[in-house]
Amino acid sequence: MRIVELSNETKNNILNDLLKRSPNHYSQYEAAVSEIIGGVRARGDQALFEYTLKYDGFDLNAGNIQVTKQEIQEAYEKLDQEFIQVIQKSAENIRTFHEKQLRNSWFDTRKDGSILGMKISPIGKAGVYVPGGKAAYPSSVLMNVIPAKVAGVERIIMTTPPGADGQVNPGTLAAADMAGVDAIYKVGGAQAVAAMAFGTESVPKVDKITGPGNIFVALAKKAVYGHVSIDSVAGPSEILVLADETADPRYVAADLLSQAEHDELASAILITTSRELAWKTSEQVERFASQLSRQEIIRKSLDNYGYILVAGSMEEAVEAANEIASEHLEILTANPFEVMAKIRNAGAIFLGEYSSEPLGDYFAGPNHILPTNGTAKFFSPLSVDDFIKKTSIISYSREALEKVHKDIELFAGNEGLTAHANSIRVRFEDI
């Protein structure tokens, strides 16, 4: 991996490079995505069937678009029993963590008869997109579906692309069944997003779409936002490791590679105060990469978006980490909790040498659907909150309104909204 000195110039150059991976910089694909969305919106199932044949090589129709109970049972039979048990353990950890996020409606009653409050309600229907393609992700099924289930969403559907033989990854199907998905449809890409956003003869319209996907899926989610809600427009995966001289270079290298293997656009960055750690980590990266199954993807990722930055102090390292606002942030220092207190921007933080990033991907419980491309400065991980609606409650008695009616009338009149003022005034014409 390339090793460079951390400075304002190198930091800004890296930020510019990373931002180029954002879906906002792939306008050349927007026309194709718009055409697919328009086709599905206008022609429903027929467009879905045509796009699935074109892009996935499967002859989709109304009779085979939905995964059957028999297919789910066959999926369980194809899986190793030990793997099924691991999925179940992971699901329980995720459920336990997200149950702590549940909110209750609240009401504040005052002596004058006024009541103010917030009513918490789950959304009606959620749609989860699960990628196929280069890899199948049963873990993403759990991370998307379980928070929705905990929130109390009435109906949860899932879309995922089939293989040319019409089969869906058995791990994906088993995870969906364990998590509580109500219906699974064999459709992927921008066409799946459009189907969930607008509805077709086979796929119901939902209120919110969540889940990661390729650039076409990301741009489709961006395009349908407003017709439905979405979780975020996700970019490629990324990891940033903050480390000092106490870190083990083998651990650091292994963790960087755990994200570089996702795809060619993934980013892996080490910021360290130790030049020795920088060189040793680079050597270990090379050794590991030559042994790993996805080494071609890893090498492209590291060539394009892999960096080792040597900082003059931990304060400089932390400042750079906050600017980059990485999806995953590992802190491998002598006192990781002290460093963590200075971090403002990160999707998820992993503390200490035994909290490597895959722990969060698969098992610990916190959600792995995280903000990318610097959006951790203002976005949060997927949570139960993403599947609820908050409705304000206002109830005033005559006594309560009488105390403030002139204030409201004055405010409305100042804005030139005389009908607003009159709506209050008519209630006190007898005074």
Side-chain angles (χ1 to χ4, degrees), residues 1-21 236-262 265-290 292 298-357 372-374 376-377:
M1 290 179 69
R2 77 195 94 179
I3 300 175
V4 296
E5 297 288 334
L6 176 62
S7 65
N8 282 331
E9 183 181 0
T10 56
K11 180 180 66 178
N12 290 333
N13 287 340
I14 289 171
L15 286 170
N16 287 334
D17 280 347
L18 296 180
L19 288 174
K20 291 175 185 176
R21 307 172 312 139
S237 187
E238 53 199 32
I239 186 171
L240 190 152
V241 178
L242 271 180
D244 60 16
E245 70 282 354
T246 66
D248 187 318
R250 282 178 60 79
Y251 294 172
V252 176
D255 295 353
L256 292 171
L257 294 173
S258 74
Q259 294 309 290
E261 76 169 342
H262 269 296
L265 294 175
S267 167
I269 298 173
L270 165 64
I271 305 180
T272 181
T273 52
S274 168
R275 189 173 299 279
E276 182 180 0
L277 179 72
W279 284 109
K280 287 184 177 179
T281 298
S282 181
E283 291 173 358
Q284 292 295 331
V285 164
E286 197 57 40
R287 289 178 187 172
F288 279 134
S290 64
L292 297 170
I298 287 171
R299 293 191 186 282
K300 288 182 179 178
S301 167
L302 296 180
D303 286 346
N304 292 321
Y305 303 106
Y307 300 91
I308 296 177
L309 302 175
V310 180
S313 66
M314 187 52 65
E315 288 70 26
E316 288 180 17
V318 168
E319 182 184 352
N322 279 323
E323 281 296 305
I324 294 170
S326 186
E327 177 188 18
H328 307 99
L329 173 64
E330 288 189 5
I331 302 177
L332 301 176
T333 61
N335 192 338
F337 285 89
E338 181 181 327
V339 176
M340 181 269 290
K342 301 173 184 176
I343 297 297
R344 300 187 309 276
N345 305 320
I349 301 174
F350 301 79
L351 300 172
E353 63 182 2
Y354 294 104
S355 304
S356 61
E357 189 279 336
T372 59
N373 279 112
K377 291 178 179 178

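Being a predicted model, the structure only gives us computed values, none of them experimental.
Between Glu323 and Leu15 there is a side-chain heavy-atom pair separated by less than 4.5 Å. Put simply, the side chain of Leu265 does not reach to within 4.5 Å of the side chain of Asn304, judged on heavy atoms. Counting heavy atoms from C-beta on, the side chains of Ile3 and Trp279 come closer than 4.5 Å. Residues Leu270 and Leu309 are not in side-chain contact: their nearest non-hydrogen atoms beyond the backbone lie 4.5 Å or more apart. For the pair Val241/Ile269, no side-chain contact is recorded, criterion being any heavy-atom separation below 4.5 Å from C-beta on. Side-chain contact between Asp244 and Leu277 is absent, with no heavy-atom pair separated by less than 4.5 Å. The shortest distance between side-chain heavy atoms of Thr372 and Pro236 does not fall below 4.5 Å. The shortest distance between side-chain heavy atoms of Phe350 and Ile331 does not fall below 4.5 Å.
Looking at every heavy atom in both residues, Ile349 comes nearest to Ala346 through CG1-CB, 3.9 Å.
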Atom pairs and distances, donor-acceptor, side-chain atoms in residues 332-339, under 3.5 Å, two or more places apart:
unit_1 : atom_1 : unit_2 : atom_2 : d
Asn335 : OD1    : Glu338 : N      : 3.2
Asn335 : ND2    : Glu338 : OE1    : 3.3

Report, one line per pair, each donor and acceptor closer than 3.5 Å where one atom sits in a side chain of residues 311-321; sequence neighbours left out.
unit_1 : atom_1 : unit_2 : atom_2 : d
Ser313 : OG     : Glu316 : N      : 3.2
Glu316 : OE1    : Gly312 : N      : 3.2

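The distance from atom CD1 of Ile343 to atom CG of Leu242, rounded to the nearest 0.5 Å, is 5.5 Å. If you take CG on Leu257 and CE on Met1, they are separated by 8.0 Å, rounding to the nearest 0.5 Å. Going from atom CD1 of Ile239 over to atom CG of Asp255 covers 5.5 Å, rounded to the nearest 0.5 Å.
For Thr10, the side chain to side chain donor-acceptor pair (under 3.5 Å) partners at least two apart in sequence or on another chain are Ser7. By the salt bridge (Lys or Arg N to Asp or Glu O under 4.0 Å) test, Glu276 is found to be paired with Lys280, residues two or more places apart in sequence or in another chain being considered. Checked against salt bridge (Lys or Arg N to Asp or Glu O under 4.0 Å), Arg250 has no partners two or more places apart in sequence or in another chain. Every side-chain contact (heavy atoms from CB on, under 4.5 Å) that Ala253 has, sequence neighbours left out, goes to Thr281, Gln284, Val285, Phe288. Under the side-chain contact (heavy atoms from CB on, under 4.5 Å) criterion, Asp303 pairs with no residue, sequence neighbours left out. With sequence neighbours excluded, no residue forms a salt bridge (Lys or Arg N to Asp or Glu O under 4.0 Å) with Glu283. Listed by chain and number, the residues in a salt bridge (Lys or Arg N to Asp or Glu O under 4.0 Å) with Glu238 are Arg21 (sequence neighbours excluded). Evaluation of the side chain to side chain donor-acceptor pair (under 3.5 Å) rule for Asn345 yields no partner, not counting sequence neighbours. Remark: Glu330 pairs with no residue by the side chain to side chain donor-acceptor pair (under 3.5 Å) rule, at least two apart or across chains. With sequence neighbours left out, Ser290 forms a side-chain contact (heavy atoms from CB on, under 4.5 Å) with Arg299.
Looking only at distances, no side-chain donor or acceptor of Lys377 sits under 3.5 Å from a matching main-chain atom of Ile324. Judged purely by atom type and a 3.5 angstrom limit, Asn322 uses its side chain to pair as donor or acceptor with the backbone of Arg344. Side chain of Arg2 to backbone of Gly306: a donor-acceptor contact under 3.5 angstrom is found. At distances below 3.5 Å, not a single donor-acceptor pair connects side-chain atoms of Asn373 with backbone N or O atoms of Ser326. Here the side chain of Ser301 pairs a donor or acceptor atom with the backbone of Ala266 at under 3.5 angstrom.
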Verify side chain to side chain contact (heavy atoms under 4.5 Å, CB included) between Glu261 and Leu292, making sure each step is shown before the conclusion.
CA-CA 9 Å; Glu261 76 169 342; Leu292 297 170; 5.8 Å; no
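Under the 3.5 Å distance criterion, with hydrogens and angles disregarded, a donor-acceptor pair is assigned to the side chains of Ser237 and Glu327.
For Arg275 and Glu5, the salt-bridge test passes: some basic side-chain N is under 4.0 Å from an acidic carboxylate O.
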